[in-house]
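As structure tokens, the structure follows; a few thoughts come after it.
Predicted model, so just to flag it, every value in this text is computed and none were measured. Side-chain atoms are counted along with the backbone in the values below, which use heavy atoms only and exclude waters and symmetry mates.
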Amino acid sequence: MRRILLSLTIVIAATTNLWADGLLLPRPAPWMPINAQVNIKYHDVDVQIDDPVALTKVDQVFINPFEREIEADYIFPIPDDAAISHFTAWLGGHKMEAELLDAAAARKIYEDIVRVRKDPALLEYAGRGMYRMRVYPIPARGEVRIQIEYEQALKSDKGTVEYLYPLNTEKYSGANLERCNVSVQVNSFENIGSLYSPTHQMKIERLGEKSVKAVYNDENVRPDKDLLLYFTRQTSDFGFHLLSYRESGHENGFFLGILSPPLDNRQAKTDKNVIFILDSSGSMRGEKFHQAIDALKFCLGGLNSGDRFNVIDYDDAVRPFKPGLVSASKVNIDDALSFADRIEAEGGTNIYDALAQGCNMIRFSFNPSYILFLTDGQPTVGNTDLEQIIQNTTKLNEGRARLFIFGVGYDVNTNLLDRLSEQNHGLPEYVLPTDNIESKISRLASKISHPALTDVTLSFGPRKISRLYP
């Protein structure tokens, strides 16, 4: 089994205690719908982790969606290991005060809310303290802004540190949020190996060996799951960290394993094969096609001197830059750049023949191989049977190239692309017409520029392992 990775993460499952961020619950009124909800305008979170202490700053704005003023209760269940350092609320320019309740008083309030709203999920926070604030009056269509800061000591298990921020309570919002931003900066006393979120797609930026920044942001969204983040402290060239969990009385358990390569792997000498397959069918015309060409040029410019590569342009027909792989010499790269400038968007979509040519080019190579495949539609020319495309491509891929697929637009066949990438050791990435294609492809090209490991195998001894997810 071949795996060529800059960061190898094996996930079966991870569990953690959950707690809520703040909820604004309208008090019932005769005219009000049952279980009425306010809307959340935005939710901004700024997290500063100075390992092992995290300072979390929360900024939320709630909106009264009704044509009449309302009264509401804001409740904030206090994390077991957290200390509130700042709490302010603003309504119509006036600062409001909250009261701190112990666990016994808080439990009664949770039970009262559950009794009225018929929402037993709130009882998961019983047994914890609470900040509570009466918010009145919230004018019709009016807003209330609430800011909270709290500190907590993060849990660490054998060099792996976990941070959890609760976003799942945003499902209580009556409408989608205009925006939701979570920014996390990690500063550690040791080198940081991997930083990984199993729950959300985050943009990762390394600021140094001991400092990393991760950002999640989305618009017009209603989050329904908590944001979970792991980072590893690394003291060796290759760091391996394992977290395990088993509930009391249960035979089976779960684990999370993270294998991190050296922080600076640029000196590693591992030559690779890279094939870029570009959809130039007529439906690609316009800005997205120009972005795709720019992404191709970026990939070509990032090749190392010992690498081999090719470019395959396809629409109805398939047109490779060269009959087979060529060295990443300056002359060949310059010629490939000129080839890219001559590509025009027209014709249909011959997905299978393009993939087949790419697979045939690396069938007998022992170097790490990657195929970066971009398409914006469904197969319309040549072999259009989805099952045959998947089976035949996987069979042809004897070189075990990792197939990374970029599906562009609204009409891509996600079932086809998901299965193609999964069965060929890669991942799919979907790009909306409003997204920046160039940045997503360029980011992947940077990640695979210096392979750290090849031919990795996992052995679990006599233990039986099921549901293993990379």
Are Tyr352 and Asp385 close enough that some pair of their side-chain heavy atoms sits under 4.5 Å apart? no

I'd like to know whether Leu167 forms a side chain to side chain contact (heavy atoms under 4.5 Å, CB included) with Thr199, so could you lay out the CA-CA distance, the side-chain angles of the two residues, the decisive distance to 0.1 Å, and finally the verdict. CA-CA 11 Å; Leu167 283 174; Thr199 57; over 6 Å; no

Evaluate the side chain to side chain contact (heavy atoms under 4.5 Å, CB included) criterion for residues Asp59 and Tyr42: first the C-alpha distance (whole Å), next the side-chain angles of each, then the deciding distance (0.1 Å), finally the verdict. CA-CA 8 Å; Asp59 186 358; Tyr42 67 77; 3.6 Å; yes

Which value, rounded to the nearest 0.5 Å, describes the distance between Arg419 atom CZ and Asn424 atom CG? 11.5 Å

Any side-chain to backbone donor/acceptor pair from Arg402 onto His425? Under 3.5 Å, distance only. yes

Quick test of your reading of the model: are Lys297 and Asp341 salt-bridged, counting only N-O distances below 4.0 Å? yes

Can you tell if the side chain of Val186 reaches within under 4.5 Å of the side chain of Val161, non-hydrogen atoms only? no

Flag the pair Glu429 / Gln201 as yes when at least one side-chain heavy-atom distance between them is below 4.5 Å, and no otherwise. yes

Around Gln378, counting heavy atoms of other residues, nucleotides and ligands shown, do more than 12 lie under 6.0 Å from its CD? yes

Is the distance between the ring centroids of His200 and Tyr165 under 6.0 Å? no

Any side-chain to backbone donor/acceptor pair from Ser280 onto Tyr314? Under 3.5 Å, distance only. yes

With rounding to the nearest 0.5 angstrom, report the CG to CG distance, Leu386 to Leu420. 9.0 Å

Please tell me whether Phe321 and Phe276 form a close aromatic pair, meaning their ring centres lie under 6.0 Å apart. no

Any idea how Tyr150 and Phe76 line up, ring-wise: parallel (<30°), tilted (30 to 60°), or perpendicular (>60°)? tilted

Please check: side-chain N/O of Asp279 versus main-chain N/O of Leu374, any donor-acceptor pairing under 3.5 Å? no

Enter the distance from Tyr430:OH to Asp418:CG here, rounded to the nearest 0.5 Å. 3.5 Å

May I ask you to check whether over 12 heavy atoms, not counting those of Glu422, lie within 6.0 Å of atom CD? no

Contact between Leu427 and Ser421 at the side-chain level, heavy atoms closer than 4.5 Å - yes or no? no

Met202 and Ser197 have their tightest heavy-atom pair at SD-CB, 3.8 Å

On a heavy-atom basis, the closest approach of Pro52 and Arg233 is CB-NH2, 4.1 Å

Less than 4.5 Å apart, any side-chain heavy atom of Asn367 and any of Lys272? no

Is it the case that the side chains of Asp316 and Asn350 hold a donor-acceptor pair, with the cut-off being a distance below 3.5 Å and no angle test? no

Flag, side chain of Ser369 to backbone of Asn273, donor-acceptor distance under 3.5 Å: no

Sub-4.5 Å side-chain heavy-atom contact between Thr160 and Ser194: no

Please answer whether the main-chain N or O of Ile390 pairs with a side-chain N or O of Thr394 as donor and acceptor at a distance below 3.5 Å. yes

Are the side chains of Phe289 and Glu344 in contact, using a 4.5 Å heavy-atom criterion? no

Any sub-3.5 Å donor-acceptor pair from Asn310's side-chain atoms to Gly324's backbone N or O? yes

For the side chain of Thr414 and the backbone of Val412, is there at least one donor-acceptor N/O pair under 3.5 Å apart? no

Could you check if a side-chain atom of Tyr370 sits within less than 4.5 angstrom of a side-chain atom of Ile362, using non-hydrogen atoms only? no

If every non-hydrogen atom of Arg206 is compared with every non-hydrogen atom of Ile192, which pair is closest and at what distance? NH2-O, 3.0 Å

Evaluate side chain to side chain contact (heavy atoms under 4.5 Å, CB included) for Leu403 paired with Cys359, printing each intermediate quantity in order. CA-CA 10 Å; Leu403 176 59; Cys359 290; over 6 Å; no

Mind checking the CG-SG spacing from Asp44 to Cys180? Nearest 0.5 Å is all I need. 8.0 Å

Of all heavy-atom pairs between Ile389 and Thr393, which one has the smallest distance, and what is that distance? O-OG1, 2.6 Å

Go through the steps for Leu325 and Ile275 under the test side chain to side chain contact (heavy atoms under 4.5 Å, CB included), then give the verdict. CA-CA 8 Å; Leu325 294 172; Ile275 298 176; 3.8 Å; yes

Could you state the interatomic distance from CG (Leu227) to CG (Leu164), rounded to the nearest 0.5 Å? 8.0 Å

In terms of heavy-atom contacts, Pro198 and Leu228 come closest through CD-O, 3.4 Å

For the atom pair CZ (Arg179) and CD1 (Ile40), what is the distance rounded to the nearest 0.5 Å? 13.0 Å

So, for Ser281 and Gly348, which heavy atoms are closest and what is the spacing to 0.1 Å? CB-O, 3.0 Å

Is any side-chain N of the basic residue among Arg363 and Glu398 closer than 4.0 Å to the acidic one's carboxylate O? yes

Donor-acceptor check, side chain of Asn39 to backbone of Ile63, threshold 3.5 angstrom: yes or no? no

